[in-house]
4 protein chains.
Amino acid sequence: MSKKISRIFAAAIDVFSKFGFEKAKMDLIAEKAKVAKGTIYYHFKSKEEIFFSLIEEGINQLIQLLNEGTKPLSSGKEKLEKAIEIQVNYIFDYKDFTKILLSEVWGSEERQIRFRELLQKLLKLLQNYIEQGIQEGDYRQRDLELTASSIFGIISVTSLHTLLGQLNYTPEQITEHVQSMIEESLKK
Amino acid sequence: MSKKISRIFAAAIDVFSKFGFEKAKMDLIAEKAKVAKGTIYYHFKSKEEIFFSLIEEGINQLIQLLNEGTKPLSSGKEKLEKAIEIQVNYIFDYKDFTKILLSEVWGSEERQIRFRELLQKLLKLLQNYIEQGIQEGDYRQRDLELTASSIFGIISVTSLHTLLGQLNYTPEQITEHVQSMIEESLKK
Amino acid sequence: MSKKISRIFAAAIDVFSKFGFEKAKMDLIAEKAKVAKGTIYYHFKSKEEIFFSLIEEGINQLIQLLNEGTKPLSSGKEKLEKAIEIQVNYIFDYKDFTKILLSEVWGSEERQIRFRELLQKLLKLLQNYIEQGIQEGDYRQRDLELTASSIFGIISVTSLHTLLGQLNYTPEQITEHVQSMIEESLKK
Amino acid sequence: MSKKISRIFAAAIDVFSKFGFEKAKMDLIAEKAKVAKGTIYYHFKSKEEIFFSLIEEGINQLIQLLNEGTKPLSSGKEKLEKAIEIQVNYIFDYKDFTKILLSEVWGSEERQIRFRELLQKLLKLLQNYIEQGIQEGDYRQRDLELTASSIFGIISVTSLHTLLGQLNYTPEQITEHVQSMIEESLKK
DNA sequence: CATGAATGAGGGTTCATTCAT
DNA sequence: AATGAATGAACCCTCATTCAT
């Protein structure tokens, strides 16, 4: 990926996270990326496209981290615990990205719908870990979709609350708390 | 409250929920409310104010429902369970409002910050129920803030996923699921 | 019609005739009309619409002049001669409009196609006069469409050439010339 | 002329005739010519220049056809009739070019003025034929400039109307019609 | 000769807000 | 209290042209 495209990406993450999609100005992105405005449009079709590319790359990166991080582990229970840890750390490592992610998923715009489809891939991973845990006898029978969605909900909302300044916890504390809650509610 | 103000409120909820804050047009609100655009500005200072009034009223209404619904109950455990039920039902009864609420809380805009402060009142209620449950020996010791935040996260995210069409559950199923998860993760 | 709309129309004719549709700037139209740019868009949907309204009004005005001017006359021959005179005078009276008319009719843009449909109404009038002249025995048999189109061609091109500075004739001279050519080529 | 220049010319005619000067994009011309955009600017100074070169070549080609076609003929009358036939056929043979020619001659842009100067050469030829016809006693006395301009007007407008789909005639029918009209209006 | 990434001035359109009536 | 015509700053995107390679 060319240097300029990288700079545009970085600037876009910065600006989108600070202002949200609608209020983010292409002028500002260009300025922060130190490229001419036209350069952005040479590489991306539109504001929407640059936004979606960003999200896609971010989610895929997280999914890859999850796949890599859980590969050495054998049991579903271990994988789920690891997955929680990875997600929380990811959120704290890429605060800006997460702020975009979680403030722009809900809505009826075309881009937001495509957006949620990407997230499904992530939720599917969580479902797989839970399902394995159930088959291995570690977890009780629970609705997979609802449970995966719940886990994602706990992680996102507690982390976001912290990042947005309403709560004051470290990633480790949050990881520990979420793992514990999930463990208790799933264990036989 | 005058008839026109009511109509403006109703139209605003409709429009904000369909388009989000930024893409909602004052023209459309005026048209749906069957008032002239100037009339809106006679009653409200700005788009932000009408939006915030809306949110404030909604959250206060939910808080009142929670207070009323839990008043006849004595134990913290019962109150928390009831609170979950009330929140899920509220979300499903006022889908439009909830979509606004949950797609506009995250962000750094002034209105979004004030917005989250309102939500704190709600979270405080949940904390109170949990704290009472702990003191009554029904619940284990747990961080109150993180736990309340988690409960809010589970409820919001699973309900939203359902309303947005990614999941397919009834309010009763979701209530049941959330109550069960929370019960298991809190019980001694 | 409100004062502002009139001013916008006048400014638009001025600007479109000087620069053509594509190079005409809405900023300049607004400035010449002494209104804010937004005001134009309050009254017209788009640049295209203001342009088309202009053309439509102009052509209808010409058609009305033709209808009124030929009403007192009885024979087709007299009507055709009068029609030539009216058109030439109209072109010279409304130079700017004619420049727009004749420099923007040819093309495949949507607006240009709608544009030509308007012109058909004018050509149909000419056809009627010719047809009447034939039935009255003054004119020889000739293809109506081709002849009407030819008359329009002679009038437009000679007048335009004059207006654009390549030729140097008065409206009277042109009228006289065209009438004579047409008379000779149609008479039995 | 190099292969690439030819391809650029061909692509330019195609694109200019489809979209007109203003809406024609250099990107599209480059794409259709299968050259890089920079290559066009290596061979031509600007969009205007490529456009003008095109027109110049086209008009000169038509003038050459007229000169060659009328050379074997001796009388002005015969030459004028032949000239009409040649022009109509040229228009139908090079529809795209003619659409450009006739939709871009009218206007006050620098290029359009230079453009009309080229056309004068063509009109001068027509004038010469008419003048010769008059001297040879075949034609009546008539203003040369106005008559030449009229002939050009009839040919262009009827042909264009046909090419643009408003009329439905063959080149032969149009030639026959124009020749007849002109003959009648010029003969003694 | 040829390329194509990069530029940036420019333009049509939107829309929250104002204010004279 | 209510209106709606008017405003103008703001913004996304286009595209002819340039220039380093």
Side-chain angles (χ1 to χ4, degrees), chain A residues 2-5 8 21-31 33-50, chain B residues 2-5 8 21-31 33-51, chain C residues 2-5 8 19 21-31 33-51, chain D residues 2-5 8 21-31 33-51:
Chain A
S2 99
K3 203 128 198 178
K4 291 206 172 164
I5 294 182
I8 292 170
F21 180 81
E22 299 289 350
K23 298 205 76 175
K25 313 302 176 212
M26 296 303 269
D27 277 294
L28 186 54
I29 294 177
E31 190 187 312
K34 288 184 205 296
V35 297
K37 212 188 333 181
T39 306
I40 300 182
Y41 284 90
Y42 185 77
H43 293 289
F44 299 91
K45 220 172 88 282
S46 64
K47 190 181 177 184
E48 291 242 329
E49 202 205 89
I50 193 176
Chain B
S2 99
K3 202 121 199 182
K4 290 201 175 173
I5 295 182
I8 292 171
F21 179 79
E22 298 292 349
K23 298 206 78 177
K25 315 287 180 244
M26 297 301 271
D27 278 285
L28 186 54
I29 294 176
E31 188 188 314
K34 289 182 204 296
V35 297
K37 216 185 339 177
T39 307
I40 298 182
Y41 282 88
Y42 184 80
H43 294 287
F44 299 90
K45 213 171 97 276
S46 66
K47 189 183 177 183
E48 292 241 329
E49 198 204 272
I50 194 176
F51 183 75
Chain C
S2 99
K3 204 124 194 182
K4 292 207 172 163
I5 294 183
I8 292 170
F19 301 98
F21 180 80
E22 299 290 350
K23 299 205 77 177
K25 313 299 176 212
M26 295 303 271
D27 277 293
L28 186 54
I29 294 177
E31 188 187 314
K34 289 182 203 296
V35 297
K37 212 180 348 172
T39 306
I40 300 182
Y41 283 90
Y42 183 76
H43 293 288
F44 299 91
K45 220 172 88 280
S46 64
K47 189 182 178 185
E48 291 241 328
E49 202 206 88
I50 194 175
F51 181 78
Chain D
S2 98
K3 202 121 197 183
K4 289 202 175 173
I5 294 183
I8 292 171
F21 179 79
E22 298 291 350
K23 300 207 76 179
K25 316 287 181 244
M26 297 301 271
D27 279 284
L28 186 54
I29 294 176
E31 188 188 313
K34 289 181 203 297
V35 296
K37 215 184 342 176
T39 307
I40 299 183
Y41 283 89
Y42 184 80
H43 292 289
F44 299 90
K45 211 173 96 276
S46 66
K47 189 183 177 185
E48 291 241 330
E49 199 203 272
I50 193 175
F51 183 76

| Checking all strands, does C/A24 fall into the base, sugar-phosphate, or nothing category for heavy-atom contacts under 4.0 angstrom? | sugar-phosphate
Considering only heavy side-chain atoms of A/K25, the closest of F/dT3, E/dA16, F/dC12 is F/dC12
Among F/dA6, F/dG4, E/dC1, the one nearest any side-chain atom of D/Y42 is E/dC1
Note: for C/E48 and B/E22 on DNA chain E, the residue whose nearest nucleotide lies more 5' is C/E48
Ranking D/G38 and B/G38 by the position along DNA chain F of their nearest nucleotide, the one closer to 5' is B/G38
Rounded to whole Å, CG of B/D27 lies from C1' of F/dT3 at a distance of 13 Å
Of the candidates F/dT3, F/dC13, F/dA6, the side chain of C/H43 sits closest to F/dA6
Residue set satisfying side chain to side chain donor-acceptor pair (under 3.5 Å) with C/K47, at least two apart, ordered chain then number -> none
The nucleotide from E/dA16, F/dT14, E/dG12 with an atom nearest the side chain of B/Y41 is E/dA16
Atom CD1 of A/I40 and atom P of E/dT7 are separated, to the nearest Å, by 10 Å
query = How would you label the contact of D/K37 with the nucleic acid (heavy atoms, under 4.0 Å): base, sugar-phosphate, or nothing?
reply = base
Separation of E/dA16 atom C1' from B/K45 atom NZ, nearest Å, is 13 Å
Note to self: With heavy-atom distances below 4.5 Å as the criterion, would you say the side chains of D/Y41 and D/M26 are in contact?
What the structure shows: yes
Quick note, C/K47 side chain, CB onward, closest among F/dA2, F/dT17, E/dT13 is E/dT13
Read 5' to 3' with Watson-Crick or G-U pairs under 3.5 Å, [ ] for crossing pairs and | for partners on another strand, DNA chain F gives .||||||||||||||||||||
Pick the C1' atom in E/dC1 and in F/dT21, then give their distance to the nearest Å.
13 Å
